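Have a look at the structure below, then the notes.
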Number of protein chains: 2
Amino acid sequence: MSDLLERLRGRGWRMTAQRRVVAEVLDGEHVHLTADEVHARAVVKLPEISRATVYNTLGELVSLGEVLEVTTDKRAKRYDPNAHRPHHHLICAGCGAIRDVHPSGNPLADLPDSERFGFTVSNVEVTYRGLCPHCAAA
Amino acid sequence: MSDLLERLRGRGWRMTAQRRVVAEVLDGEHVHLTADEVHARAVVKLPEISRATVYNTLGELVSLGEVLEVTTDKRAKRYDPNAHRPHHHLICAGCGAIRDVHPSGNPLADLPDSERFGFTVSNVEVTYRGLCPHCAAA
DNA sequence: ATCCCATATTGGATAGCGTCTAAGCCGAGT
DNA sequence: ACTCGGCTTAGACGCTATCCAATATGGGAT
Ligand SMILES: [Mn+2]
Ligand SMILES: [Mn+2]
Ligand SMILES: [Zn+2]
Ligand SMILES: [Zn+2]
């Protein structure tokens, strides 16, 4: 993701201060931030950036395949900068902590043709749920 | 799910016209309805039922393990009456159609200890995405 | 059959998250 | 420097879900 700005420029993106700052926030920590969390961090570097622009930019990054959306519940969507290494997620039901995980095996191969109903299946998301060590102790 | 009312009564549920109607709606079609879709169908049989009661009842059925919540995107949660036979979901990115699927293999077993980070992992959801035959043709 | 009250229901207010719009701004090619 | 199509902005808006205080009722007790 470090050369994200180069790739985006190469795709004809007009480079603006706002887009640069959003990209920097995502590049900074490999965590799963909500749009408002991204906005809060962006405001530190560019105080006048608006929520709408953060939403717009995140949406574009998702369309370009540079960032993944993670929808784990009915609260805010989260944005995952780790789009280039396939992985799944492990979520604590107590505190909401999210960890990247890399299971062995390929769930796509586990779906037989007879269970595909003629669909063109292109993608699979696996979400493990449980309790983190801290929440399990409580 | 046909003896759902019996099971609920056995658990000390106070039986009301509203709860009966919500249960009947879920029992009727094995599809994945939103809360408002459940409400729309319930109103046909009990015109004065409120949205709040539908939300309350669905939440209770989820707590009791009789119905599952399916969160596939940032639109409305869907309620799955097929809670007693484990399965996963296949979703069309075009029209949003949802199908139950039964993959072979067990994704829980595919998550090695080294990828569990001390979590107590209790549950796994798999969501396949693609295009249904109709949307793939368009 | 009637009473009673803990529990359920109700409509409307409220909140969270995201999208949209109209007006002004600005990057970058010329 | 000029120009213009794309970008940004603030705030309005929409959808989904929850909360609330007032009212109604299921069903055990009498
Ligand atoms: Mn991730
Ligand atoms: Mn299902
Ligand atoms: Zn936790
Ligand atoms: Zn479709």
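All figures in this text were calculated on a predicted structure; none of them were measured in a lab. Each chain gets a letter, A, B and so on, in the order its sequence line appears, and its residues count up from 1.
For Arg9(A) and dA28(C), the CZ to C1' distance is 11 Å, given to the nearest whole Å. Between Glu48(B) atom CD and dG11(C) atom P there is a gap of 9 Å when expressed in whole angstrom units. At whole-Å resolution of the value, NZ in Lys74(A) and C1' in dT18(D) are 13 Å apart. Nucleotide dC15(D) holds its P atom 14 Å from the CD atom of Glu37(B), rounded to whole Å. Taking atom CD1 on Ile49(A) and atom P on dC25(C), their separation rounds to 18 Å, with Å as the unit. Remark: P of dG26(D) and CG of Leu46(B) are 11 Å apart, rounded to the nearest angstrom. As a whole-Å value, the separation of Lys77(A) NZ from dT16(D) C1' is 14 Å. Atom pair Leu58(B):CG and dA8(C):C1' shows a separation of 15 Å (rounding to whole Å applied).
Here OH of Tyr128(A) is found 9.5 Å from CD of Glu115(B). Values are rounded to the nearest 0.5 Å.
Residue whose closest nucleotide on DNA chain D sits further toward the 5' end, between Tyr55(B) and Ala17(B): Tyr55(B). Ranked by how close their nearest DNA chain C nucleotide is to the 5' end, Arg51(A) and Ser50(B) are led by Ser50(B). Taking the nucleotide of DNA chain D with the nearest heavy atom to each of Arg78(B) and Trp13(A), the more 5' of the two is matched to Trp13(A).
The side chain of Arg19(B) places an N or O atom within less than 4.0 Å of a non-bridging phosphate oxygen (OP1 or OP2) of dT9(C). Within the structure, every side-chain polar atom (N or O) of Arg14(B) is placed at least 4.0 Å from both OP1 and OP2 of dA6(C). The phosphate of dT25(D) has neither OP1 nor OP2 within less than 4.0 Å of any side-chain N or O from Gln18(B).
A perpendicular orientation is assigned to the rings of His89(A) and His32(A), their planes being inclined by more than 60° (bins at 30° and 60°).
Using a 4.0 Å heavy-atom distance criterion, Thr16(B) is classed as a sugar-phosphate-only contact. Using a 4.0 Å heavy-atom cutoff across all strands shown, Ala76(A) reaches sugar-phosphate atoms only and no base atom.
Salt bridge status for Glu69(A) with Lys74(B): absent, with no side-chain N to carboxylate O gap under 4.0 Å. Here Lys45(A) pairs with Glu24(A) in a salt bridge; the nearest charged N to carboxylate O distance falls below 4.0 Å.
In this structure, the nucleotide among dT8(D), dA17(D), dG27(D) sitting nearest to the side chain of Met15(B) is dG27(D).
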Steps toward side-chain hydrogen bond (donor to acceptor under 3.5 Å, both in side chains) verdict (Asp80(B), His87(B)): CA-CA 11 Å; Asp80(B) 188 338; His87(B) 64 281; 3.0 Å; yes

